[in-house]
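Below is one structure, written out as structure tokens, with a few remarks after it.
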Amino acid sequence: MAARLVFLGRLEELAGSGGADFALDAPLDWTALVARLSDEYSPELADLISSDRVKVALNGALVADKQGIMLSNGDEIAFLPPVSGG
Amino acid sequence: MAARLVFLGRLEELAGSGGADFALDAPLDWTALVARLSDEYSPELADLISSDRVKVALNGALVADKQGIMLSNGDEIAFLPPVSGG
Amino acid sequence: MSDVRLLAAPFDPAEELRAFTAAHIVAGGIVSFLGQVREGGGVEALELKHYDPLTLPAMQDLAVRVRDRWVLDGLLVIHRSGVMAVGEPIVLVAAAARHRRDAFAAADFAMDHLKSESWFWKREKVAGEWRWIEPRAQDFEDIGRW
Amino acid sequence: MSDVRLLAAPFDPAEELRAFTAAHIVAGGIVSFLGQVREGGGVEALELKHYDPLTLPAMQDLAVRVRDRWVLDGLLVIHRSGVMAVGEPIVLVAAAARHRRDAFAAADFAMDHLKSESWFWKREKVAGEWRWIEPRAQDFEDIGRW
């Protein structure tokens with residue numbers, strides 16, 4: 001049972017990789033997810049991901065209110081810092 | 001003894017050619033020049049050339065006040081209707 | 001109608017423009033913007049990361065918005081992802097229109113939005129070290145014009 | 001610094017842009033405008049007449065004004081004279097700059113001034129008959145923006 005984490009931009013560097021599988025026993029709400037990220041990666045990464053500047057996409061669709069996310073087995077969750085494109 | 005006339009744009013059509021030699025016995029002022037053009041080409045061409053919309057270049061330089069022109073042997077005078085370029 | 005591509009490998013902007021121009025002979029004017037990895041500041045390479053589920057769909061949405069806003073005969077949007085060397089093209093936008101103003105405005109608008117809103121993250125290699133580039137205030141000023 | 005040409009024979013805009021881009025690798029962005037003889041309205045050919053003593057010097061003066069007004073790495077202005085078939089390029093303007101806004105504004109300004117102020121007279125061949133083209137009110141509106 002796992003979800004997929006995707007770290008874009010500077011978050012990749014902080015997370016140590018652009019993506020990782022993330023073991024789940026049961027669906028995780030946003031607060032629990034951030035707590036797990038703080039433990040398994042770093043409080044800094046968790047803080048950044050909690051900030052308004054980082055957007056979240058769940059299964060390829062942008063999430064308007066990330067507080068309402070429930071992460072389940074098989075999901076892909078992407079953390080999107082401010083873009084700096086082109 | 002001759003000057004060179006150059007007709008640009010639609011004036012070329014009215015004049016029947018893009019350029020012509022123009023016999024001169026003595027320097028011609030603007031009024032005399034327009035009268036000669038009216039006789040040798042057409043009153044319509046002379047009217048157009050007199051209008052504010054047609055600019056004049058004498059020996060390759062734009063003339064600010066065409067009324068002050070004195071056309072002499074060896075000169076090139078160009079009549080420049082409004083541009084419609086590019 | 002629009003040609004929108006996200007490429008992982010180098011492309012030839014001159015040939016792309018040649019083909020685009022030939023395909024839009026009814027257009028009197030074609031405005032293009034080419035962004036390339038510029039030489040200077042010790043930059044050795046540039047990398048753009050994208051996120052597959054979002055990046056190309058957002059570029060396609062942008063193309064639709066541009067086509068809705070201006071009367072164009074054609075619109076081309078090509079954007080690189082991956083690692084690029086100095087001098088390599090990053091982005092090519094071209095707008096073909098009967099009226100020059102439409103072509104200029106459409107290309108300008110598309111670039112402002114690609115720069116500030118597209119799902120790309122950029123890092124540069126300087127003196128052998130990669131560093132992430134933060135968004136520029138100028139990009140938000142640019143987009144505020146529209 | 002600027003490359004300003006008045007040509008009596010066809011040119012290849014794609015190759016011109018390729019060379020211009022390669023010559024300005026310090027520029028992050030290149031904006032170009034290509035005007036071509038558009039297909040439509042029964043137009044079979046287009047002719048531009050110029051006046052040697054004025055036309056190229058005025059194009060060169062315009063390039064100087066553009067360079068004074070915006071920070072550019074390079075400026076290319078190529079304009080045809082003579083008879084052109086449908087699909088043939090008429091004018092190519094390209095501006096290379098570190099900053100995108102400068103490149104867009106410079107190319108746009110150059111085109112507005114080329115269209116409304118340059119010493120070219122245009123006629124079109126429709127159904128075998130040549131007819132002179134009068135200046136368009138739009139050209140004067142365009143130039144009034146600056």
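Each chain gets a letter, A, B and so on, in the order its sequence line appears, and its residues count up from 1.
Both the backbone and the side chain of C:D112 come within contact range of chain D, judged by heavy atoms closer than 4.5 Å. For C:A107, the parts lying under 4.5 angstrom from a heavy atom of chain D are both the backbone and the side chain. For C:V93, no part sits under 4.5 Å from any heavy atom of chain D, backbone or side chain.
Between D:I25 and C:Q36, the shortest heavy-atom contact is CA-NE2, 3.7 Å.
Here the CG-CZ distance, from C:L17 to D:R18, works out to 10.5 Å after rounding to the nearest 0.5 Å.
Contacts with chain D were tallied for C:L34, C:T21, C:V86; C:L34 has the most, counting heavy-atom pairs under 4.5 Å. Comparing C:A94, C:A27, C:P13, C:P89 by how many heavy-atom pairs each has under 4.5 Å with chain D, the most go to C:A27. Each of D:A14, D:G29, D:S32, D:G35 has some count of heavy-atom pairs under 4.5 Å with chain C, and the biggest count is that of D:S32. Of the listed residues (C:H24, C:R98, C:E15), the one with the most heavy-atom contacts under 4.5 Å to chain D is C:R98.
A salt bridge does not link C:D108 with D:R100: every distance from a Lys NZ or Arg NE/NH1/NH2 to an Asp or Glu carboxylate oxygen is 4.0 Å or more.
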